Amino acid sequence: MPNQQDANGLLNRPLVLPCGAVLKNRLIKSAMSDSLGDGAGNATTAQARLYEKWAQGGTALSIIGEVQFDPRFPERPGNLVLCDDANLKALRELTSRASINQAHIWPQIGHAGGLSHPPISHPKGPSRLDIGEFHCDGMSQSEVAELPARYAKAAKIAQDAGFTGVQIHAGHGFLLSQFLSPLFNRRDDQYGGDVASRCRIVIDVIAAVRDAVGSAFPIGIKINTTDQLEGGLTQEDALAVIGLLDSTSLDLIELSGGSYFPGAASSSDRVASGPYFVEFAEKAKPLTRIPLVVTGGFKTRTQAVDTLAKNCADAIGLARALVLEPSLPQDWLADNDGNLTFPSFSSPPPGGITAWFSMRLTAIGNDEETRFNPELQTAIDEYEDRDDARCAVWRSRFGEAQ
Ligand SMILES: Cc1cc2nc3c(=O)[nH]c(=O)nc-3n(C[C@H](O)[C@H](O)[C@H](O)COP(=O)(O)O)c2cc1C
């Protein structure tokens with residue numbers, strides 16, 4: 001690949017968000033569930049070290065994946081939990097180390113809905129569903145109506161703990177993504193039906209979070225451009241969602257796609273050459289004044305520069321590339337392609353690639369990445385065993401799943 005110069009400094013330009021906060025460049029570490037919580041929802045030293053490395057490496061913003069506000073509905077038992085008795089000391093250690101070098105650090109506030117981790121949850125989404133091996137209960141109207149206040153409370157805890165913004169998770173098949181998707185949302189009240197009704201709870205959540213954090217604090221959202229599931233959110237729906245979000249106080253809309261629904265394609269397991277969602281971004285950009293981030297499948301600096309040059313996105317989201325090389329932004333900002341070799345796995349099982357990358361995150365947090373070279377199956381086994389062990393810790397802190 002020729003070392004194309006970023007002559008216009010497209011990667012290096014600051015991005016001023018609508019709330020006035022500034023991202024120092026256009027490279028964002030997209031949310032990853034790092035599985036580095038202590039099993040009881042608290043931040044750990046290894047996690048602080050991981051985000052410190054990304055901040056040292058030049059990333060403008062790192063987003064911590066799957067930070068929960070309701071311990072009954074986690075994605076995994078390594079998630080952080082922002083609740084009343086959250087360990088603020090551990091969170092502040094994390095946010096202060098993660099925000100060196102003018103880096104932003106935001107939690108991705110979520111609720112796993114129908115995809116909550118069954119050993120420690122009774123999964124519950126917008127509607128009761130039984131599709132093949134997938135089962136979840138449906139939320140009552142009052143449970144839905146309580147969501148905005150609960151997201152808002154978590155956002156306020158995040159702000160108090162030193163996070164510099166928040167992202168609302170409405171992608172990848174988790175709760176708010178399920179509300180947007182006609183496959184998961186079969187409600188016949190004000191929260192179901194056409195796109196505007198399915199999006200109502202998302203808009204209510206954004207408004208409540210804004211009230212809680214004030215006008216100068218960044219709020220982002222991650223949404224799907226399509227669920228890549230038959231009967232799920234289509235690109236047309238997703239474009240309509242962008243139009244609806246345009247009238248909110250959001251600062252950043254991140255475009256992704258796919259789902260962790262059993263048997264579905266997820267973006268983090270995808271091996272096809274990317275980037276995946278640039279064409280969608282080209283359609284979405286004219287529909288909103290809110291800055292867009294496009295995430296998924298970026299492997300080279302040229303792809304990032306070319307995407308920004310098209311003016312269809314304001315920033316580039318990177319996940320796996322930054323697990324392979326946490327200081328990649330430094331290279332890319334210096335017009336250097338960096339030393340990035342993606343591993344190739346033969347016939348990986350569903351979720352296997354994501355598990356391998358998760359275990360590499362642990363190695364980075366423990367300063368052991370130079371020795372990290374497991375077989376895929378070994379990484380998967382370690383990932384699953386660790387979560388099995390953590391479920392007991394989760395139950396002893398938060399009680400049995402109700
Ligand atoms: C280990 C791992 C964990 C992930 N966890 C999350 C998550 O918690 N929230 C989220 O929105 N996306 C999550 N993702 C998806 C990424 O943010 C990103 O959308 C996806 O990996 C595609 O980008 P990439 O090609 O740069 O990796 C995860 C990806 C990986 C590899």
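Order of listing sets the numbers, starting from 1, for every ligand and every atom in it. Treat the numbers as computed from the prediction; the structure is a model and nothing was measured. FYI, the numbering just counts along the sequence from 1. Values reported hereafter were calculated over all heavy atoms of this structure, with side chains retained and with hydrogens, waters and symmetry mates removed.
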Colleague: Name the option, out of Ser268, Gly257, Ser30, that contains the heavy atom nearest to atom 29 (C) of ligand 1.
Modeller: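 Comparing heavy atoms across Ser268, Gly257, Ser30, the nearest one to atom 29 (C) of ligand 1 lies in Ser268.
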Colleague: What is the nearest protein non-hydrogen atom to atom 27 (O) of ligand 1, stated with its residue, atom name and distance?
Modeller: Arg320 NE, 2.7 Å
Colleague: Among all protein heavy atoms in this structure, tell me which lies nearest to atom 9 (N) of ligand 1, with the distance rounded to 0.1 Å.
Modeller: Gln108 OE1, 2.9 Å
Colleague: Could you work out, for atom 22 (C) of ligand 1, the closest of Ser267, Ser358, Pro275, Ala170 by heavy-atom distance?
Modeller: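 Of the listed residues, Ser267 has the closest heavy atom.
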Colleague: Would you mind telling me if ligand 1 is within reach of the side chain of Glu66, the backbone, both or neither, using heavy atoms under 4.0 Å?
Modeller: both
Colleague: Quick one: do Arg210 and Asp251 satisfy salt bridge (charged side-chain N to carboxylate O under 4.0 Å, His left out)? Show the steps, please.
Modeller: CA-CA 11 Å; Arg210 176 57 74 201; Asp251 291 289; 2.8 Å; yes
Colleague: Does even one non-hydrogen atom of Ala321 get within less than 4.0 Å of ligand 1?
Modeller: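 It does not; every heavy atom stays at 4.0 Å or beyond.
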Colleague: Considering heavy atoms of the protein only, find what lies nearest to atom 15 (C) of ligand 1 and give residue, atom and distance to 0.1 Å.
Modeller: His172 CE1, 3.8 Å
Colleague: Is Gly317 in polar range of ligand 1, meaning some N or O pair under 3.5 Å apart?
Modeller: no
Colleague: Between Arg301 and Asp6, does any side-chain N to carboxylate O distance fall below 4.0 Å?
Modeller: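 A salt bridge is absent here (no side-chain N lies under 4.0 Å from a carboxylate O).
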Colleague: Any heavy atom of Gly274 closer to ligand 1 than 4.0 angstrom?
Modeller: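 No.
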Colleague: Heavy-atom distances under 4.0 Å decide this one: backbone, side chain, both or neither, for Thr354 against ligand 1?
Modeller: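 For Thr354, the contact with ligand 1 is made by both the backbone and the side chain.
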Colleague: Which residue owns the protein heavy atom closest to atom 26 (O) of ligand 1, what's the atom, and how far is it?
Modeller: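 Minimum-distance protein heavy atom for atom 26 (O) of ligand 1 reads Ala319 N, 2.9 Å.
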Colleague: For the residue pair Phe398 and Trp394, categorise the inter-ring angle as parallel (less than 30°), tilted (30 to 60°) or perpendicular (more than 60°).
Modeller: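 Tilted, since the angle between the ring planes falls between 30° and 60°.
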Colleague: Checking a contact table here: which protein heavy atom is nearest atom 14 (N) of ligand 1, and how many Å away?
Modeller: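 Here the nearest protein heavy atom works out to Ala31 O, 3.3 Å.
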Colleague: Could you see which bit of His169 sits under 4.0 Å from ligand 1, with heavy atoms only: side chain, backbone, both or neither?
Modeller: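 Near ligand 1, His169 shows its side chain, while the N, CA, C and O stay back.
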Colleague: For ligand 1, find out whether one of its N or O atoms is nearer than 3.5 Å to an N or O atom of Ser33.
Modeller: yes
Colleague: Do other residues, nucleotides or ligands put more than 12 heavy atoms under 6.0 Å from the CD atom of Glu143?
Modeller: yes
